[in-house]
Number of protein chains: 2
Amino acid sequence: MIEAGARRREIDEVASELFHANGYAATSVRDIARALDIQGASLYAHVASKEDLLWSIVDRTATAFEVAVEQALVETTTDDPVERLAAIVEAHVEVVTADPERASVFVTEWRHLSPERRAVIGARRDAYERRLRDLIADGLAVGAFAAVDPAIGATFILTALNGIATWYRPDGRLSADRIADHYVELALRSLSEDHR
Amino acid sequence: MIEAGARRREIDEVASELFHANGYAATSVRDIARALDIQGASLYAHVASKEDLLWSIVDRTATAFEVAVEQALVETTTDDPVERLAAIVEAHVEVVTADPERASVFVTEWRHLSPERRAVIGARRDAYERRLRDLIADGLAVGAFAAVDPAIGATFILTALNGIATWYRPDGRLSADRIADHYVELALRSLSEDHR
DNA sequence: CCTACCGATCGGTAGG
DNA sequence: CCTACCGATCGGTAGG
């Protein structure tokens, strides 16, 4: 017995690719159907609306980030802010590189959700960013980081990390692991003391 | 006599706002016309196509970045890579904060240009990024920066800088100048030696 | 998952 | 800058 929902996951994957490549608004329901070799109207046997498709991608990706960072912090037994920040950055990069299409749709297309759903995702993104911001503030308080505005530091790092979704290719020059290493380095240094 | 092209610039400004807020594909010609209090078809007395509107925004913004960085480097008489990098970062942030709508349209909507125009912009972006990459490589060679992959370092910094366009508000907590100062700090430190 | 179809809206043109 | 209009395409529904 083929597991239920397999086709639905296939649809999500195709939609992620197209939304990533052309954007949500410029991708028609028929574009997605064509990539699946079915008729446009047939897609509605699986999904209630085009927006539901975007929502399932965005929602799942938001959860992937939350779970990965949660897990990474649980596994980081020390309370050294430097190591905890490294764990967050590494986890975030891993989620991005594991599925750059989904990640880039999450980062760039969520404004096309309904106002209600946008509010939900906005709150989750805020909470996610707050965690990073608080960690930076903690590190600053114990002298682990240089004087920096925690909000600016968190935004600087997060936008750089999310940028990976726009240029990463699995067959590129650098492996996902190497990229993660480099980005941990860059992020930690950006918050470090004495640079001249 | 009112200067020629004033109306055209007004159109560009309205289009920037709407493309920034809703994306190019989700913005109709009639949306733009409505914001100008004219009929949709009347817009074609001023522009040949919707894509031409996007092109003029993208082209002008690309030029703004190129000119600003060129100028900043000319004014930086020293060849100290640290100071030259600071000058580039500051100039880039200034262009972004001077017109975040245009900057964000430039960064995120250029994929909706025709293949020919996309190729032109792609080449200009590559050249722009290469300048930063080469500067990092130079600084690395003379020991001004920590060991880092120049391409990764340049991308890390540039994506963080471009991210400003997505969150910056002129009436926000931090002035454009303060943001530029912080970002220069963060960018320079990310390439600095010894962070533990 | 298909055929047949819906009203709405799209970018754009003709001709003032 | 307007009115009137074009063919194409949009997301989605009905009824198998």
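Just the heavy atoms: all of them, side chains too, but no hydrogens, waters or symmetry mates, feed the values below.
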Handout entry: Contact letters for nucleotides 3-16 of chain C, in which S counts primed atoms plus P, OP1 and OP2 and B counts the base, heavy atoms under 4.0 Å
Key = BB-----SBBB---

Handout entry: Derivation of the side chain to side chain contact (heavy atoms under 4.5 Å, CB included) call for H92(B) and I157(B)
Key = CA-CA 11 Å; H92(B) 191 97; I157(B) 290 172; over 6 Å; no

Practice task
Just say parallel, tilted or perpendicular for the rings of Y183(A) and F156(B), cut-offs at 30° and 60°.
Solution key: perpendicular

Handout entry: Exercise: do R133(B) and T155(B) side chains pair donor with acceptor under 3.5 Å
Key = no

Problem - Distance, rounded to the nearest Å, where L36(A) contributes CG and dC1(C) contributes P - result: 8 Å

Handout entry: Considering all heavy atoms, the nearest L140(B)-F145(B) contact
Key = N-CD1, 3.9 Å

Practice task
Identify whether NZ of Lys or CZ of Arg in R125(B) sits under 6.0 Å from the centre of the six-membered ring of F65(B) and within 45° of that ring's axis.
Solution key: no

Exercise for the section: Tell me the partner of dT9(D), counting only Watson-Crick (N1-N3 plus N6-O4 or O6-N4) or G-U wobble (N1-O2 and O6-N3) with both under 3.5 Å; none if nothing fits. Expected result: dA8(C)

Problem - Partner nucleotide, any strand, of dG16(D) [Watson-Crick/G-U, under 3.5 Å] - result: dC1(C)

